[in-house]
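Worth knowing before you read on, the calculation uses all heavy atoms, side chains too, and leaves out hydrogens, waters and symmetry mates. Numbered from 1 within each chain, the chains take letters A, B, ... in sequence-line order. Being a predicted model, the structure only gives us computed values, none of them experimental.
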Protein chains: 2
Amino acid sequence: MRATLIYGAGDVRVEEVPDPTVREPTDAVVRVLRACVCGSDLWPYGSMAAQGHGDRIGHEFLGVVEDTGPRVNGLKRGDVVVAPFVWADNTCDFCREGLHTSCRHGGFWGADGVDGGQGEAVRVPQAEGTLVRLPVGEDSELLPSLLTLSDVFPTGHHCAVTAGVDARTTVTVIGDGAVGLCAVLAAARLGAERIILMGRHRDRTDLGRDFGATDVVPERGAEGVERVRELTGGDGTHTVLECVGLEPAIDTAFGVVRSGGTVSRVGAPQYPTVRMDFSLFFRNITLTGGVAPARAYIEELLPDILEGRVRPGRVFDRAVGLDGVPAGYRAMADREALKVMIDPSR
Amino acid sequence: MRATLIYGAGDVRVEEVPDPTVREPTDAVVRVLRACVCGSDLWPYGSMAAQGHGDRIGHEFLGVVEDTGPRVNGLKRGDVVVAPFVWADNTCDFCREGLHTSCRHGGFWGADGVDGGQGEAVRVPQAEGTLVRLPVGEDSELLPSLLTLSDVFPTGHHCAVTAGVDARTTVTVIGDGAVGLCAVLAAARLGAERIILMGRHRDRTDLGRDFGATDVVPERGAEGVERVRELTGGDGTHTVLECVGLEPAIDTAFGVVRSGGTVSRVGAPQYPTVRMDFSLFFRNITLTGGVAPARAYIEELLPDILEGRVRPGRVFDRAVGLDGVPAGYRAMADREALKVMIDPSR
């Protein structure tokens, strides 16, 4: 079969790889219907040292169960399933607490001999715990939105949940990438009535308004902070959803958070330290968030997609076949595409 | 009257100052029955640049109402009252949310023309909002424990509350100072069954055991982290109460917190930045806490003191009159005394 491999910065290739098979009794094999490229894939795409071999890549996919090991219950050949971006047993103490990203028997796609998601098929470890069955057919129009359950929608939701967003909280979302837009959608879904989106790409912030943003602030840095403060009577917002991962974004977050408020970060941090000085201590600012345990949220978010109340799949503004994956990476890196969906059958 | 003034590092003096009077209609004048020296007073005592004049100091006291302005309701001459370590109107939006330290009309003792607490009497701004009446006499044996309602007990409580301590959480408390010991007491009061106290002063950690610590770890740094991990099956504790404020303490906190867990800090941070790198992001670690809105907690903590269920006043291991204040500062700075109580009538 064919799958995507990364050889170094700017060097993503689609090549023949061995067909996946059930190796462990807890494995399943899933034929991929849709996969996509994540903003976090762009970090290695931007900076990875060149190497002589390719590593499998991709951690967001949904597909059809082709085969299951003898210890996989509740799933059968032909089921349409979605995989969260970290695989997990869904039974250990961390999973029971909803922190599947710290599962005692889980791990990453594309690492330690596990397939990446950007290919024709994937061997899924801990399949019973990892996969969630979707009550749709292979040709459902909902596939794009259902695909976001792998990562980007639960990541935005995790950001909003850990920040404590509810009907009483004002919200600032920093970043108009796919995660930021899903954070807007998640905050609106949780009842927030005032959602300020900081972003400067008009087409993206327009989608953010559709998702529930009430205000858009294109300014950045001190000017952006000033603007959010003006919009909030000088106070800032109760919650700030930091969906970028760069130091200026986290600095902006601390600048726009109201005293007693919470900054939640879901952008993979490209910084080792953050300012948490006396001023933030005195203002009782909380810093929370982290990598989203997507698996914990899928059942909760699924009905709103099935019943059409939310359409997070709108973040996909380009679809490619496997041949188009290298160009898809380039388009996302160059900000020409917001988020690229992959249909291996094309 | 006489009051304590600080002239610079190591230079605390007790001198004659003007008697306080009601200046604003919202003021009261309180004769101090008991005051004390705070660990945070030791920061200026350790490092303040020498100056030609003294600044009033002290922010923990309880006393007797002597006079009230015309707009002070609910308090009358003779009432025994306790003051939280930040004065506040108790009516603004921040106060209603329980964040009295960010009160829109509040401020600090010993600043901007407001008296410090380590003297014979204090003019109390926003007296109706600031002071809490205590149903005891001037000679109550409970005064030491009631005095801790000013700061150190609510500060430990704030640390435990913001960390999310309850019966299901394991707890590490870092620091065996008065705040750390009160954090132990608060965690036990909130139902925590496993409380690991990190501290190396045997007399203090013994009191910590009385307050509810189930384990004591005297080791520091990497060795201390290793020890806590050993005690918790390698995982660390769900919550970590950081009651020191120095960088090694916050580093230790991140070392002993369980994935998905929370570090709460109430030690005034003597560092500008904290490590919040990818590892902590991946582990979904939250950093919370801050200066404690003591006023928000007094009514909740008071009954347990009145009914003898907790005795936080045991943190006072030395009592002095005003003449003894300079020696009291020295004793705390030299770690000869845990916390010094001041009785201006002595």
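Val266(A) approaches Phe281(B) most closely through the heavy-atom pair O-CZ, 3.4 Å. In this structure, Tyr271(B) and Met276(A) approach most closely via the heavy-atom pair CE1-O, 3.7 Å.
With Thr273(A) as the partner, the side chain to side chain contact (heavy atoms under 4.5 Å, CB included) test is satisfied by one option alone out of Asp277(B), Val274(B), Thr273(B): Thr273(B).
Most heavy-atom pairs under 4.5 Å with chain B: of the set Gly260(A), Ser102(A), Gly289(A), Gly98(A), this distinction falls to Gly289(A). Most heavy-atom pairs under 4.5 Å with chain B: of the set Ala268(A), Pro293(A), Gly245(A), this distinction falls to Ala268(A). If you tally non-hydrogen atom pairs under 4.5 Å between each of Ala292(B), Gly267(B), Ser264(B) and chain A, the highest count goes to Gly267(B). Options Asp235(A), Thr262(A), Val263(A) differ in how many heavy-atom pairs under 4.5 Å they form with chain B, and the most are formed by Asp235(A).
Atoms CH2 and CZ, on Trp43(A) and Phe278(B) in that order, are 11.0 Å from each other to the nearest 0.5 Å.
Looking at Leu99(A), the atoms closer than 4.5 Å to chain B (heavy atoms on both sides) all sit in the side chain, from C-beta outward. If you measure heavy-atom distances from Thr101(A) to chain B, the contacts under 4.5 Å come from both the backbone and the side chain. At a 4.5 Å heavy-atom cutoff, the contact between Ser259(B) and chain A is made by backbone and side-chain atoms alike. Heavy atoms closer than 4.5 Å to chain B are found nowhere in Ile250(A), neither backbone nor side chain. Of the two parts of Arg265(A), the backbone and the side chain both hold a non-hydrogen atom closer than 4.5 Å to a non-hydrogen atom of chain B.
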Problem set entry | Derivation and outcome, side-chain contact (heavy atoms from CB on, under 4.5 Å), residues Thr286(A) and Thr286(B) | CA-CA 7 Å; Thr286(A) 295; Thr286(B) 295; 3.7 Å; yes
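Using a 4.5 Å heavy-atom cutoff, the side chains of His158(B) and Asn284(A) are in contact. Between Arg168(A) and Glu97(B) the shortest side-chain heavy-atom distance does not fall below 4.5 Å.
Crowding of Arg229(B) atom CZ: a count of heavy atoms from other residues, nucleotides or ligands under 6.0 Å exceeding 12.
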